[in-house]
Number of protein chains: 2
Amino acid sequence: MLHGSTIHESLTAVFQVRHFDGRPGTDERAELAVLLWQRALDPQAGTWSLPGGKLRDDEDLTTSARRQLAEKVDVRNLAHLEQLSVFSDPCRVPGPRRIASTFLGLVPLTTDPQLPPDTRWHSVWSLPEMSFDHSIVVEHARTRLAAKLSYTNIAFALAPPTFAMSTLREIYCAALGYDVDTTNLQRVLSRRKVITPTGTTSSPGPAGGRPAAMYRFTDSQIRVTDEFAALRPRV
Amino acid sequence: MLHGSTIHESLTAVFQVRHFDGRPGTDERAELAVLLWQRALDPQAGTWSLPGGKLRDDEDLTTSARRQLAEKVDVRNLAHLEQLSVFSDPCRVPGPRRIASTFLGLVPLTTDPQLPPDTRWHSVWSLPEMSFDHSIVVEHARTRLAAKLSYTNIAFALAPPTFAMSTLREIYCAALGYDVDTTNLQRVLSRRKVITPTGTTSSPGPAGGRPAAMYRFTDSQIRVTDEFAALRPRV
DNA sequence: TCAAAAGTGTTCCCGCTACACCCATGG
DNA sequence: CCATGGGTGTAGCGGGAACACTTTTGA
């Protein structure tokens, strides 16, 4: 009765903020995208899946998730990877039991990894038909990301090494799904010491405009920056 | 190489706010307690462990965790159970590989489950020597609980069905580890519609005093009550 | 000199904190 | 009538939202 032939797998929702380059004339807004590959074989051939795969005996789950992403979709520059929940329903997939540990992975704006032919970025706001319970994982990952944007420095993993505030604004808008005020974003993140000015400026675009001050994230490791919403300890 | 003989187990940190009844004269403050059992056999005989055990083929992890608690320590009245992270280091315990999915479980103040002889409640502020990586789990669980107390109604799972504000204050103080103001606790939770007055009052103790108004939690299911600390969407 | 982009300053509002004050009961 | 425990009123503060205004560039 105990573990007849259970497989442990990792599944990772890899997110990146991407410009979905429309044809010229189309407004090319930045959108939050998730990396998916299309199943060629049954079960559920044609549906889109999260990258992942079986856990090996000599690795832990985090290592395994990183390895799967490097081997199968050639993603080697994850700036952040964290565990989400475990999917353990005995009937979640047909065939032998698979317990899935799910992850949230983040790739910075500037990098553009080479993808295998069956793999593509999809806007999280218009997902294709997805395999098994994978769409739930994407939803969890998106929710977790949105929450952490407001009380941690997790955006470091979505932003380039240095950036103008307008770029950072785009990233926040894309990841949160609603508009954010550049002014207040700058002030909130500065007060919390999440971002630091580099002292340099970028030259303005072809349309002119004042040169933008460049910033960088103070830490390149996740850090909680606003611990308690209420019921703070007395000072 | 793939899954030679891996076992999947659940481990649950069960918390309850308890009065550690000192001798008369000792001030018997309420403290956050965790349920532990003492290992009789090696490995690590004598150290204290979290309740849990092997996952069966026909159950998911949540079901398994509930079953283990009912069978092994006779805890059948968990008001809340949620997943924490997975511990998957191949060497986390000696012998065959065990992957542990960890949980946070909460038991209300009033209930007092019968415990087996090797099982005992321990204050989370003075833990005994613990087995393997179990103390990390307790630490995670405590941190998660403290965080959720500030932005969800999770305290419903620690409180009796109805209670006076002074009781609820004790619960928050014990779980958070620092003092909370009764007045503001009442206002914050009332504004968020987390608690509802029942209309009844409790008779005062032997020392006299004004009768306390009784409250209950509005929901008996976890609910987020203060979504964003910053960067809220525009209205 | 004008438009576009970026940065600054100011005001307002809301929620949490702190603390003083008022109420009800038992001895 | 006083001690004890509960409840209410209110002022203050701090952080975030909104928005107008100034600065710097290219055409």
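The model shown is predicted, which means the values in this text are computed figures rather than measured ones. Every chain is numbered from 1, with letters handed out A, B, ... down the list of sequences.
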Notebook entry, point to check: Out of Lys193(B), Gln186(B), Arg187(B), Arg192(B), which one pairs with Ser190(B) under the side chain to side chain donor-acceptor pair (under 3.5 Å) rule?
Noted result: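 That would be Gln186(B).
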Using atom [atom1] of [X] as one end and atom [atom2] of [N] as the other, report the distance to the nearest whole Å.
X: Arg191(A); N: dA17(D); atom1: CZ; atom2: C1'; value: 12 Å
X: Arg169(A); N: dA5(C); atom1: CZ; atom2: P; value: 12 Å
X: Gln186(B); N: dG15(C); atom1: CD; atom2: P; value: 16 Å
X: Met165(B); N: dG5(D); atom1: CE; atom2: C1'; value: 14 Å
X: Leu176(A); N: dA17(D); atom1: CG; atom2: C1'; value: 15 Å
X: Leu149(B); N: dC16(C); atom1: CG; atom2: P; value: 15 Å
X: Leu189(A); N: dA17(D); atom1: CG; atom2: P; value: 11 Å
X: Arg187(A); N: dT10(C); atom1: CZ; atom2: P; value: 10 Å

Item checked: Any donor-acceptor N/O pair under 3.5 Å between dG15(C) base and Arg192(B) side chain ->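 Counting by modelled atom types and ignoring angles, no donor-acceptor contact under 3.5 Å is found here.
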Next item on the list: Output the distance between atom OG1 (Thr218(A)) and atom CG (Asn153(A)), rounded to the nearest 0.5 Å.
Entry: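 Output value for this atom pair is 8.0 Å.
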Show each protein N/O and nucleotides 25-27 of chain C N/O combination with a separation under 3.5 Å, one pair to a line.
| from | atom 1 | to | atom 2 | distance (Å) |
| --- | --- | --- | --- | --- |
| dT25(C) | O2 | Gly209(B) | N | 3.2 |

Next item on the list: Please state whether the phosphate of dT17(C), meaning OP1 or OP2, lies under 4.0 angstrom from any side-chain nitrogen or oxygen of Thr183(B).
Entry: no
Notebook entry, point to check: What is the ring orientation for Phe87(B) with His140(B), classed by angle as parallel under 30°, tilted 30 to 60°, or perpendicular over 60°?
Noted result: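 It falls in the tilted class, 30° to 60°.
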Notebook entry, point to check: Would you call the rings of His122(B) and Trp48(B) parallel, tilted or perpendicular if under 30° counts as parallel and over 60° as perpendicular?
Noted result: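 Rings of His122(B) and Trp48(B): perpendicular, over 60°.
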Report the nucleotide, chosen from [options], that has the shortest atom-to-atom distance to any side-chain atom of [X].
X: Ala212(B); options: dC16(C), dG7(D), dA6(C); value: dG7(D)
X: Asp181(A); options: dT8(D), dC19(D), dG7(C); value: dC19(D)
X: Asn184(A); options: dG6(D), dA18(D), dA18(C); value: dA18(D)

Note to self: Less than 4.5 Å apart, side chain to side chain, heavy atoms only: is that true for Asp112(B) and Arg18(B)?
What the structure shows: yes
Notebook entry, point to check: Is there side-chain contact between Leu109(B) and Glu170(B), with heavy atoms separated by less than 4.5 Å?
Noted result: no
Check: What nucleic acid atoms does Ala164(B) come within less than 4.0 Å of, heavy atoms only: base, sugar-phosphate, or nothing?
Finding: nothing
Next item on the list: Applying side chain to side chain contact (heavy atoms under 4.5 Å, CB included) between Leu36(B) and each of Arg120(B), Met130(B), His134(B), report the one that passes.
Entry: Met130(B)
